[in-house]
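Read through the structure below, which is laid out as structure tokens, and then see the notes.
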Amino acid sequence: MWRDLLQQQRGDNPPRLSVEDAIVLYDEADFNTLRMVAAERRRRVNPGNEVTYLIDRNVNYTNVCTINCQFCSFYRPPGHDEVYTQTYEEISQRLAELEAVDGVRVLMQGGVNPELPLEWYTGLIEFLRKEHPEIALDCFSPIEIEGIADVCDMSTLDVLTALKGAGMHGLPGGGAEMLVDDVRLDISPKKGSAENWLRVMMEAQSLELTTSATNVIGFGETSEHRIKHMERVRTLQDQSHENGWSGFTSFISWPVQLENNTFGKRNRGNNRYDLGVGPTEYLRHVAISRLFFDNIEHIQASWPTMGLDIAQMAILGGADDIGSTMMEENVVSASGTTKTCALEVELQETVRRAGFEPRRRDSDYVLLDTPHVGLDVQGFPSPPPLQPSK
Ligand code: SF4
């Protein structure tokens with residue numbers, strides 16, 4: 001049956017994959033054939049030979065959080081002696097370092113900090129907008145928006161409207177993890193239902209904030225859970241397009257990191273077995289996502305969790321984007337990844353060695369002029385990279 005399904009997906013006008021058929025492909029399709037069909041689809045959706053990437057920086061402005069996700073080793077509860085909240089000036093310094101390397105976007109995310117009112121966030125956005133007018137400010141995530149709404153007794157739509165008015169460019173799709181409540185409520189019981197994440201995202205899209213969809217796998221869920229997550233994202237994307245909104249720019253998935261789950265409690269939760277995802281399963285997930293999402297243009301590879309080698313395999317099997325330079329990452333890396341920054345030359349070399357042309361983009365996937373960044377005779381990037389603040 002999987003052969004027939006994949007054959008149908010190879011045509012010029014392939015039928016939309018149903019949940020049931022996608023589960024069959026997920027569980028049964030030959031790995032290499034599945035990836036070949038996903039690569040063909042990628043070339044139809046994104047013609048040409050370019051793989052895009054973004055020069056950006058992560059900023060994790062606070063680690064104070066009350067949500068206590070079981071897989072998270074980044075957060076600290078209010079009152080803990082390791083809590084921090086960066087000042088406007090400290091955050092601005094990070095953006096100055098981003099400007100120095102031609103960066104065009106900051107992705108700023110933190111915990112759900114009950115001590116910060118809406119005015120702190122709008123003040124920050126206005127300050128950064130003034131100091132760094134060329135940097136797109138993609139900030140927070142649906143659960144942070146819900147946290148601000150709770151603190152200020154406002155609706156999430158009003159919070160988003162205020163942030164957009166202050167100059168926020170986008171709402172990244174963090175915190176989606178698994179949009180299936182029996183998994184979600186097990187791993188992050190205080191994060192609320194899948195419905196909340198989808199509602200806040202829809203509100204952001206109604207305001208034409210730039211949004212992306214994410215998906216974390218490896219909590220012990222089934223392939224059916226994973227496809228149902230994709231179905232919820234695909235349905236919201238349909239609704240947004242029907243409303244004339246842009247919807248999600250991209251779909252980004254990665255495996256949960258649990259090697260250093262000392263502060264999170266996942267290793268002691270209800271489901272302590274079958275955790276994590278290896279490279280083959282991750283690449284299968286990327287390929288299925290490319291075939292399933294007939295309404296999301298860009299599928300992104302995840303080098304921070306999988307490494308550049310597996311990210312290279314992902315762009316050969318359905319992904320058309322290799323993510324961003326990031327410069328720092330403190331949330332996922334607190335639980336196990338070791339690489340938190342990619343140099344532009346690394347992304348370019350990874351893309352070239354897979355047979356594609358690397359191309360800079362902005363947060364909205366608008367293509368940008370792209371210098372050829374090379375290695376000097378000793379194998380070091382030239383010019384040498386700036387060291388980010390710690
Ligand atoms: S993943 Fe985010 S919401 Fe969950 S505990 Fe960590 S910082 Fe808080």
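Just so you know, these numbers use all the heavy atoms, side chains as well, and skip hydrogens, waters and symmetry mates. Just so you know, ligand 1 is whichever comes first in the structure, and atom 1 is the first atom listed for that ligand. All residue numbers in this chain count up from 1 along the given sequence.
Evaluated by nearest non-hydrogen atom to atom 4 (Fe) of ligand 1, the leading choice among Gly147, Cys65, Cys69 is Cys69. One option in Lys191, Glu146, Gln109, Gln70 has a heavy atom closer to atom 2 (Fe) of ligand 1 than any other, and that option is Lys191.
Across Leu137, Ile91, Asp138, Asn58, a single residue satisfies side-chain contact (heavy atoms from CB on, under 4.5 Å) together with Val106, and that is Leu137.
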Name each donor-acceptor pair under 3.5 Å that joins a side chain in residues 117-128 to protein atoms two or more places apart or in another chain, with its distance.
| from | atom 1 | to | atom 2 | distance (Å) |
| --- | --- | --- | --- | --- |
| Thr122 | OG1 | Leu118 | O | 3.2 |
| Thr122 | OG1 | Glu119 | O | 3.3 |

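Asn68 counts as a contact of ligand 1, since one of its heavy atoms falls under 4.0 Å from the ligand.
Residue Cys72 does not count as close to atom 8 (Fe) of ligand 1, with no N, O or S atom under 2.8 Å.
For the pair Arg284 and Phe31, the cation does not sit on the ring face, since its NZ or CZ is not both under 6.0 Å from the ring centre and inside 45° of the axis.
Members clustered with Val45: none, using a 4.5 Å side-chain heavy-atom cutoff among hydrophobic residues.
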